[in-house]
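Just follow the structure's listing: the first ligand is 1, and inside any ligand the first atom is 1.
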Amino acid sequence: MLDPVTREPVTVDGLSQIFSRECSKQELNFTDRWIDIPEPVRDLYKYYRSTPLVRAYALEQALGTPAHIYFKNESVSPVGSHKLNSALAQAYYCKQEGITNVTTETGAGQWGTALSYAANLFGMDSAVYQVKVSYEQKPYRRSMMQVFGAQVTPSPSMSTRAGKDILTANPHHQGSLGTAISEAVELARNTPEKCKYTLGSTMSHVSLHQTIIGLEAEKQFEMAGEYPSVIIACFGGGSNFSGIAFPFMRHNFLDGKNTRFIAVEPASCPKMTKGVFEYDFGDEAGYTPLIPMFTLGHKFQPANIHAGGLRYHGAGAVVSQLMKDSLMEAVDIEQLKSFEAGVLFAKTEGIIPAPESCHAIAATIDEARKCIDTGKEEVILFNLTGHGLMDMSAYDQYLSGNLINIKY
Ligand SMILES: *Cc1c(COP(=O)(O)O)cnc(C)c1O
């Protein structure tokens, strides 16, 4: 990772201008294989963890596949998604370091909701920049953040330099994660001793916090007497993919396992399948460090698909390197196909999945259908990152035939 101004490798001191010191250390820790979860964070995890590992018998039956389909149900967290796993850790570290205010960006509102809840638990104020199109399309996520006490601003806004510049160039800018990150980082930078920026995806420390998902699943598979041969996760910046995949990937490297790992991105924002591997900024304004990543370019403006958490131009450094080294695969899925899969999953398993999770389900169904032809009993694990109960307007549009596919 390179400093955006000097283009020298970033240091813990440099990173901790915007992130908490502990997260900055974790980000640049290239030596420790294990980093302990602090006891107070484990205590908070107990409210919803372990999350269930569920065998989707009804979905298997509907497909007529010999495959065994399992999902890890992260939608049972209080705020409805896996994002809380990292929000609790990040809020805890900020509090430990004497921080009073945290700031962040949010797309569909999942990360913002998780962070608002976590910040409030630790007695800190939170300011969330929400991508404008989501702020308007998904008002109830905004309400949730406000219930948890957050101050929510639609981005781009006139409250920051970055927002003003973007709005001056394009007054009708719909917002993107990259833009909202610029605004949140700017706010944290202006008061570094009191306010820290937090990020819900992409960074290595976020992926680290999410590995609780895969570590639990590993133990749960032991109890089930099975082992996954294919692991599938939707892909925004890569945190839930890393979280469910990395603990199993180590057995590929160390113990001769042959699990396949598939990242699933939207066809309208395909950084892993159609992007390039190069140094790029995590945000639109160029405030974040330069990260070696698969990217569509930090100026890329993703289409307004409903899977807001997948509307991000780049991928985390570690997943990008794994992709470059062919240690994982990636596929992209059209919006209509993702909802078709989500509806089948809802009808069979009774859970309405988040539009992001629908992408993982669609790829899971593709893999399970292949097994019908080959007769192979693959054990497929996918991550159900969240429920879609705050996304019913998207399902309405899908059911009334008003959703379209958007090509890159
Ligand atoms: C944020 C989000 C994602 C995508 O983010 P990753 O960092 O790629 O995991 C997926 N699903 C849900 C429900 C989300 O909120």
Side-chain angles (χ1 to χ4, degrees), residues 51 71-87 90 104-117 128 130-131 134 138 141 144-145 177 180-181 198-214 231-246 261-266 269-272 282 293-294 302 305-320 322-323 328 330 332-333 338 342 345 351-363 382-391 394:
T51 62
F71 62 94
K72 184 75 169 148
N73 188 359
E74 292 294 308
S75 83
V76 302
S77 97
V79 296
S81 80
H82 71 288
K83 293 285 196 324
L84 194 57
N85 301 329
S86 186
Q90 293 190 49
T104 197
E105 81 300 327
T106 195
Q110 295 271 24
W111 168 247
T113 309
L115 186 77
S116 313
Y117 170 63
V128 181
Q130 185 173 16
V131 176
S134 304
K138 302 195 170 157
R141 281 268 171 222
M144 284 180 78
M145 291 186 266
L177 276 180
I181 293 173
T198 63
L199 190 47
S201 181
T202 317
M203 306 293 284
S204 300
H205 66 267
V206 183
S207 293
L208 169 75
H209 305 158
Q210 293 296 353
T211 54
I212 184 86
I213 303 171
I231 295 182
I232 298 175
C234 64
F235 198 98
S239 76
N240 93 87
F241 173 85
S242 309
I244 197 161
F246 288 180
F261 302 93
I262 308 175
V264 192
E265 50 187 14
C269 193
K271 56 248 151 194
M272 294 290 259
M293 55 156 80
F294 273 94
I305 54 166
H306 283 279
L310 309 184
R311 296 176 75 240
Y312 184 66
H313 68 273
V318 178
V319 274
S320 291
L322 290 166
M323 185 70 197
M328 56 175 281
D332 53 66
I333 297 280
S338 73
F345 181 78
I351 302 169
I352 296 182
E356 292 85 357
S357 313
C358 290
H359 289 74
I361 298 170
F382 78 86
N383 200 19
L384 184 72
T385 50
H387 66 66
L389 297 179
M390 289 290 144
D391 301 280

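- Residues His82 and Gln210 approach most closely at O-NE2, 3.1 Å, considering heavy atoms.
- Here Tyr312 pairs with nothing under the ring-ring contact (aromatic ring centres under 6.0 Å, His included) rule; sequence neighbours left out.
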In a simple table, one pair per line, please give the protein and ligand 1 atom names for every N or O pair closer than 3.5 Å, along with the distance.
from: ligand 1; atom 1: 7 (O); to: Ser201; atom 2: OG; distance (Å): 2.5
from: ligand 1; atom 1: 7 (O); to: Ser239; atom 2: N; distance (Å): 3.0
from: ligand 1; atom 1: 7 (O); to: Ser239; atom 2: OG; distance (Å): 2.8
from: ligand 1; atom 1: 8 (O); to: Gly236; atom 2: N; distance (Å): 2.6
from: ligand 1; atom 1: 8 (O); to: Gly237; atom 2: N; distance (Å): 3.0
from: ligand 1; atom 1: 8 (O); to: Gly238; atom 2: N; distance (Å): 2.9
from: ligand 1; atom 1: 9 (O); to: His82; atom 2: NE2; distance (Å): 3.3
from: ligand 1; atom 1: 9 (O); to: Ser239; atom 2: OG; distance (Å): 3.3
from: ligand 1; atom 1: 9 (O); to: Asn240; atom 2: N; distance (Å): 2.8
from: ligand 1; atom 1: 9 (O); to: Asn240; atom 2: ND2; distance (Å): 2.7
from: ligand 1; atom 1: 11 (N); to: Thr385; atom 2: OG1; distance (Å): 2.7
from: ligand 1; atom 1: 15 (O); to: Lys83; atom 2: NZ; distance (Å): 2.7

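- Remark: the Glu74 side chain and the Asn85 side chain contain an N/O donor-acceptor pair separated by less than 3.5 Å.
- The shortest side-chain heavy-atom distance between Ile361 and Leu384 falls under the 4.5 Å cut-off.
- Looking at residues two or more places apart in sequence or on another chain, you find a side-chain contact (heavy atoms from CB on, under 4.5 Å) between Ser81 and Lys83, Gln110.
- Under the ring-ring contact (aromatic ring centres under 6.0 Å, His included) criterion, Phe294 pairs with Phe277, sequence neighbours left out.
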